[in-house]
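The next block holds one structure in the form of structure tokens; read it before the comments.
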Protein chains: 2
Amino acid sequence: MSSHSSGPVGVFTFRLNAVSNLSSPISYALGRLVGNVRTFPAHQDIVRQGDRPSQCCVVLRGWVSRNKVLEGGVRQITALHIPSTIPDLQSLMLPQMDHNITTVTSVEAGFIPHSALRHLMTEFPSLALAFWKETLIDGAIAREWEVNLGSRPAAQRIAHLFCEMATRLEHVGQADRIENALSFPWPLTQGQLGEATGLSAIHINRTLQELRARGLIEFTRQQVQITDLDRLTHFAGFNPDYLLSEKPGQSASLIDAYERAVASI
Amino acid sequence: MSSHSSGPVGVFTFRLNAVSNLSSPISYALGRLVGNVRTFPAHQDIVRQGDRPSQCCVVLRGWVSRNKVLEGGVRQITALHIPSTIPDLQSLMLPQMDHNITTVTSVEAGFIPHSALRHLMTEFPSLALAFWKETLIDGAIAREWEVNLGSRPAAQRIAHLFCEMATRLEHVGQADRIENALSFPWPLTQGQLGEATGLSAIHINRTLQELRARGLIEFTRQQVQITDLDRLTHFAGFNPDYLLSEKPGQSASLIDAYERAVASI
DNA sequence: CGCTTAAATCAACTTAGGTTAACTTATTGT
DNA sequence: ACAATAAGTTAACCTAAGTTGATTTAAGCG
């Protein structure tokens, strides 16, 4: 069993640091709280709508989605979470989950009891501020998804999501950039991509082909390759400001930290 | 000029209390910080995308929208704010606004300097938790809007928004209920309703007529009347849990508080 | 390794919702 | 009370996206 400050948990504390500059005692204590690291298979609920969790889940490897399922069985993915985030952090303040947290890939996740987090927040009020800030960034992403769902045609909508994920993945060192080209893992099926963008799987397929024909992206198995990020950015009307990207310097150290963490597994 | 703990400011502190049960010294201090109360005309930006505010805005009367404008000039409303909320609370933690805050109606708004809020949060860490909780509820509402925009057909989408606003307005005593019928002010034009739901103004018009024909809603000038809330709720697939409604008891005291506040203007 | 199941792809057809433009009804301002 | 403007309504037409069903390719799996 891999466990604390070394190993994948590092991904988590290092990113919180980059976003909020936590002091090292907080960051150390937080890393130590992550326990009970488990591996989940793909397409499994970690937390369900209506649950009243007593612990928070930290994504250490793999992707998870927030999603809601309507009566008819239609599923809407409202957010995608990549390693280093706590998708159900809200359960600390809002007792009942209003949505599911579901694995997209096989996922390694750790858990922190609410009680431990509450104690730590009492001891270090700045931790609450860091969590609040995470929630605010999540909110900014949700707003951009609303714009995407409400106002962009299919091709731009999909392109915008690719731009966002490319940017977020690059921040945690999970995208490869060569000049202006970016490639990164893409574990969503076309059906799931449709659930995230509010489009049918068939229309996703058509539109993906259009994007390929325009030379904006390439697909190889589970990888997306953005041929020219500037061109795709312009096409999608993407403005990365809402992601509150870390400055280049911090980003670089994050990548190092991540790679060290992964290497030590 | 009306100003502090009496008058419309009461709407604000009373609601924060209901959501997070702030102790009375905090609530009192917070109410006193709201100054510089101004009246804005309808359709005016209070804060703009890209701004770096040094104060937060408290909505005391009227409605405001969060919105983003795309290059082509299309506007997407991502949230509606009714009295008692701080729409740009995030500016305290995220320096740059990622969206506009625009008045829908004529609006009375007060302002609190960031510095004052920061001091108060340092003195009372539970205030930061209350703000975080507000942000989380905002996030839950945004997720439901994502579902609405991505997964519901026009009639259900509009109906769902009516259900949500009816519920939220009832919490702050701004909806009249007679049995199962609810009526409340509706200041959005059909065009703005389209901007909130990602539909064209013409299609809003068509769909509104369908909802009227089905006997689900009635329109009189600036009022919406829900004929039978249960029926509309069922039609829209609305589940109010995500709004974290106060329990009936608290709700009632809120209404009283609101009415006292309004009466004292 | 072939068998099974899930994704992806393709084509034909349907439909919800967008668009344009003409016209009517409310508001607003003077 | 009037003109001027904004909002609501209606109709005709168009298109982006949904749907159904058949076919191919790729991914697990015993």
Side-chain angles (χ1 to χ4, degrees), chain A residues 41-44 70 72-77 102-106 148-161 185-214 217-224 235-236, chain B residues 41-44 63 70 72-77 102-106 148-161 185-214 217-224 235:
Chain A
H43 315 299
Q44 196 177 52
L70 305 195
V74 180
R75 180 188 304 262
Q76 177 69 44
I77 294 178
T102 310
T103 61
V104 172
T105 60
S106 143
N148 218 24
L149 290 162
S151 303
R152 277 192 267 261
Q156 279 85 339
R157 203 183 294 184
I158 297 171
H160 194 279
L161 182 60
W186 189 265
L188 298 214
T189 65
Q190 295 187 2
Q192 291 171 318
L193 182 49
E195 290 173 346
T197 52
L199 298 164
S200 70
I202 284 86
H203 198 57
I204 291 283
N205 187 279
R206 283 196 280 251
T207 311
L208 243 21
Q209 290 180 48
E210 184 197 328
L211 291 175
R212 278 184 289 221
R214 285 167 178 263
I217 56 159
E218 282 169 43
F219 256 102
T220 58
R221 265 144 286 196
Q222 306 257 310
Q223 286 271 115
V224 168
F235 176 77
Chain B
H43 314 299
Q44 196 177 52
W63 291 22
L70 305 194
V74 181
R75 181 188 303 262
Q76 177 69 44
I77 293 177
T102 309
T103 61
V104 171
T105 60
S106 145
N148 218 22
L149 290 162
S151 303
R152 278 193 266 262
Q156 279 84 339
R157 204 182 294 184
I158 296 170
H160 194 279
L161 183 60
W186 190 266
L188 299 215
T189 64
Q190 296 188 0
Q192 291 171 318
L193 182 50
E195 291 174 345
T197 52
L199 298 164
S200 70
I202 285 85
H203 198 57
I204 291 283
N205 187 279
R206 284 195 280 248
T207 311
L208 243 23
Q209 288 179 48
E210 184 197 329
L211 291 175
R212 277 184 289 220
R214 285 165 178 264
I217 57 160
E218 281 168 44
F219 256 98
T220 57
R221 258 141 296 192
Q222 307 257 310
Q223 286 270 119
V224 168
F235 175 76

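Per chain, numbering begins at 1; letters A, B, ... match sequence-line order.
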With rounding to the nearest 0.5 angstrom, report the [atom1] to [atom2] distance, [X] to [Y].
| X | Y | atom1 | atom2 | value |
| --- | --- | --- | --- | --- |
| A:Gln190 | A:Phe219 | CD | CZ | 6.5 Å |
| B:Arg152 | B:Ile158 | CZ | CD1 | 12.5 Å |
| B:Thr189 | B:Gln222 | OG1 | CD | 9.5 Å |
| B:Leu199 | B:Arg157 | CG | CZ | 4.5 Å |
| A:Ile204 | A:Thr197 | CD1 | OG1 | 3.5 Å |
| B:Ile77 | B:Gln192 | CD1 | CD | 5.5 Å |

Pair B:Glu210-B:Arg206, salt bridge (Lys or Arg N to Asp or Glu O under 4.0 Å): steps then yes or no: CA-CA 6 Å; B:Glu210 184 197 329; B:Arg206 284 195 280 248; over 6 Å; no
Check: B:Thr103 side chain, B:Pro41 main-chain N or O, donor-acceptor pair, under 3.5 Å: yes
Under 3.5 Å: donor-acceptor pair, side chain of A:Gln223, backbone of A:Trp186: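 Such a contact is absent between A:Gln223 side chain and A:Trp186 backbone.
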Given DNA chain D, 5'-ward residue of the pair A:Ile204 and A:Gln222, judged by closest heavy atom: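 The answer here is A:Ile204.
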Sugar-phosphate, base or nothing in reach of A:Gly194, heavy atoms under 4.0 Å: nothing
Where chain B begins and ends its contact with DNA chain C, read 5' to 3' at 4.0 Å from heavy atoms: C:dG17 to C:dT27
Proximity to DNA chain D (any heavy atom under 4.0 Å), residues of residues 148-160 of chain B only: none
Could I get a table of every N or O pair under 3.5 Å where one atom is in the protein and the other is in nucleotides 6-11 of chain D?
residue, atom, partner, partner atom, Å
D:dG8, OP2, B:Gln190, N, 2.7
D:dT9, OP2, B:Gln190, NE2, 2.6
D:dT9, OP2, B:Asn205, ND2, 2.7
D:dT9, O5', B:Asn205, ND2, 3.3
D:dT10, OP2, B:Gln209, OE1, 2.7
D:dT10, OP2, B:Gln209, NE2, 2.9

Value in whole Å for how far the P atom of D:dA17 lies from CG of A:Leu199: 7 Å
Any B:Phe235 side-chain heavy atom under 4.5 Å of B:Arg214 side chain: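 Yes; the side chains approach each other to less than 4.5 Å.
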